[in-house]
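Okay, so here's the structure we're looking at.
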Amino acid sequence: MLGLMQDRPLLISQIIDFAAAYYSDVEIVSRSIEGPIHRYGYRDAHKRSKQLAEALQGLGIKLGDRVGTIAWNTYRHFECYFGISGIGAVLHTINPRLAPEHVAYIANHAEDQIILVDVNLLPIVEGVWDKLTTVKHVVVMTDRAHMPASSKIPNLLCYEELIADKPGTLRWPDFDEKTASSLCYTSGTTGNPKGVLYSHRSTLIHTMMSSNGAVIPMDPDTTVLPVVPMFHANAWGLVYAAPIAGAKLVFPGAKLDGASVYELLDKEQVTLSAGVPTVWLALLDYCAQNKLKMSSVKRTLIGGSAVPISMIARFWNEHGVEVIQGWGMTEMSPLGTTTRFNRGERQLPDAERFAITAKQGRPVFGCEMKIVDDAGNDLPMDGSVSGNMVVRGPWIVKGYMKGDGKSQFGKDDWFATGDVCKIEKDGSVVITDRSKDVIKSGGEWISSIDLENAAMGCPGVAEAAVIGVAHPKWDERPLLIVHPRPGANVTKEQVLEFLQGKIAKWWMPDDVQFVEAIPHGATGKILKTKLREQFKDYKLPTA
Ligand code: ADP
């Protein structure tokens with residue numbers, strides 16, 4: 001017997017309609033690409049999203065067409081999120097930090113019809129223009145006064161001109177909630193990037209869950225600053241979740257350095273921020289050097305890479321900010337787990353609370369997870385063993401665009417994340433490593449993440465990375481690579497001494513190498529592939 005409730009489709013347009021109706025004057029504040037701060041309310045954003053939708057229809061965009069964006073977090077990119085998906089076209093967010101050949105590859109693979117691009121990122125499109133096979137129009141997201149004087153791209157369109165004479169009165173169409181809404185390619189650190197194609201349904205379910213107080217606490221008293229880019233897994237869903245929670249949004253534009261982020265946090269009295277660890281490292285250092293405090297911030301959501309316990313402690317001790325760690329991936333919309341304190345745990349002493357936050361968190365309702373061995377057999381979830389993490393749920397990928405990467409999709413919808421982890425009795429997930437980064441020493445596994453986190457606490461260490469290096473007896477042994485703080489004279493002996501007692505004895509790195517910079521990929525993660533390449537001729541002193 002079927003239930004007798006309505007099947008109204010879940011559509012992204014409903015998010016902006018809701019915010020415009022009930023939070024019409026709640027602000028969206030942006031550091032614009034042109035420079036000045038721009039501010040308006042959800043009502044204005046709603047109208048301009050519709051004007052954009054009308055303009056795109058005028059350019060021939062129909063249900064299912066892909067429209068690319070190459071843009072920072074600003075109000076115009078926000079309008080693209082709703083104007084493009086609202087008419088059933090697919091918002092394809094392209095990461096401007098990708099290598100040019102990857103930008104061309106994904107725009108062609110996605111068959112983008114139009115690309116909307118920030119004026120300062122236009123050189124990226126110009127650089128690959130000759131390779132783009134499907135793009136018919138390029139729209140520069142600025143006004144006439146800031147349009148480039150010349151370009152190799154013919155007939156560049158100006159965003160403000162394009163929407164200026166549109167009425168903004170369109171009625172969003174109804175269509176199947178399983179219609180594709182947006183598209184985001186994985187970083188492609190190994191092989192070509194793969195396209196993750198979200199649907200209206202998956203996005204709405206993820207949004208309703210993530211804006212729930214137990215996951216990312218948000219309400220009309222919240223001011224949220226997503227430093228995590230809108231091209232990185234939809235800014236972790238915050239661009240959709242903030243409007244339904246009635247939260248004020250603050251967009252940092254192209255300036256993500258410590259000073260610029262601090263200025264916005266302070267002036268706009270931000271209460272919740274979100275981003276990857278590298279961004280926060282810069283901000284914490286900037287605050288320490290200039291004796292500044294983040295006075296309004298209550299919480300910060302950090303994910304994308306493991307959060308070192310030293311960072312959790314600094315946020316709390318120096319700024320009174322509680323860290324929420326999140327784990328997930330582009331393929332998971334992206335939320336899988338977040339720090340969630342059980343009853344009584346908030347009252348624990350600092351060190352015990354920090355230890356809970358240093359784990360990747362507990363599962364978000366709706367995302368099922370388990371660990372399996374290499375043959376696919378279930379492993380115990382009592383914290384005793386690590387295994388391959390597989391997940392399933394209504395916002396988890398079921399196949400990549402055009403059938404790429406088939407091997408990651410298993411029986412009964414279980415998707416292989418490529419992460420190795422432990423799952424404890426209370427559901428806490430502890431990521432050991434990416435399966436390709438784990439160090440296999442004498443048949444046992446060493447977690448590069450644990451070693452990095454421990455080393456990051458050592459005075460004088462700005463950033464640390466660990467890779468496995470070939471060893472005749474043990475197969476692989478860990479090499480610790482350290483980027484020292486400016487002016488610090490930290491030595492190998494000091495670092496190893498610091499690690500004593502903090503890690504298992506046999507995990508102790510066989511050597512420490514110092515470098516001027518640790519390479520990062522397009523989403524801010526340490527690029528282990530590049531480090532392995534850099535150290536390919538290196539021989540361990542113990543080998
Ligand atoms: P991106 O999100 O950078 O586009 P991916 O989606 O491939 O790229 O990144 C997801 C991966 O990032 C996860 O599979 C995991 O390895 C890593 N990751 C994300 N969050 C965390 C975290 N909190 N701790 C450890 N690793 C994390």
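Just so you know, ligand 1 is whichever comes first in the structure, and atom 1 is the first atom listed for that ligand. Both backbone and side-chain heavy atoms feed into the values below; hydrogens, waters and symmetry mates do not.
- Looking at ligand 1, you'll find an N or O of G326 within less than 3.5 Å of one of its N or O atoms.
- Ligand-side atoms of ligand 1 in range of Q325: 22 (C), 23 (N), 24 (N), range being under 4.0 angstrom from any heavy atom.
- Electrostatic pairing of K528 and E533 does not count as a salt bridge here, judged by no charged N lying under 4.0 Å from a carboxylate O.
- Protein heavy atom in closest approach to atom 24 (N) of ligand 1: Q360 NE2, 3.0 Å.
- Annotation for L183 and R66: closest pair CD2-CG, 4.2 Å, computed over non-hydrogen atoms.
- No more than 12 heavy atoms of other residues, nucleotides or ligands sit less than 6.0 Å from atom NZ of K131.
- Nearest residue to atom 17 (C) of ligand 1 from S305, G303, G304 is G304 (criterion: closest heavy atom).
- Nearest protein neighbour of atom 2 (O) of ligand 1, counting heavy atoms only, is H232 NE2, 2.8 Å.
- For atom 6 (O) of ligand 1, the closest non-hydrogen atom of the protein is T330 N, 2.8 Å.
- By the 30° and 60° cut-offs, the orientation of the rings of F251 relative to F78 is tilted.
- Regarding atom 9 (O) of ligand 1, its nearest protein heavy-atom neighbour is K525 NZ, 3.1 Å.
- At a heavy-atom cutoff of 4.0 Å, ligand 1 is contacted by no atom of T186, backbone or side chain.
- Residues R477 and S441 have side chains that bring a donor and an acceptor to within less than 3.5 angstrom of each other.
- What sits closest to atom 3 (O) of ligand 1 on the protein, heavy atoms only, is T523 OG1, 2.6 Å.
- In summary, the aromatic rings of Y185 and H109 are positioned with their centroids under 6.0 Å apart.
- Closest approach of D285 and R485 over heavy atoms only: OD2-NH1, 3.1 Å.
- Nearest protein heavy-atom contact of atom 14 (O) of ligand 1 is R434 NH1, 2.5 Å.
- Contacts with ligand 1 closer than 4.0 Å are made by heavy atoms of both the backbone and the side chain of M329.
- For G524, the heavy-atom gap to ligand 1 stays at 4.0 angstrom or more.
- With a 4.0 Å heavy-atom cut-off, ligand 1 is reached by no atom of A233.
- For atom 26 (N) of ligand 1, the nearest non-hydrogen atom of the protein is A306 N, 3.8 Å.
- In terms of heavy atoms, R76 sits closest to M141 at NH1-O, 3.0 Å.
- The aromatic ring centroids of F409 and Y400 lie less than 6.0 Å from each other.
- By the 3.5 Å distance cut-off applied to N or O atoms, D419 is counted among the residues near ligand 1.
- P394 and R201 get closest at one heavy-atom pair: CB-NH2, 4.3 Å.
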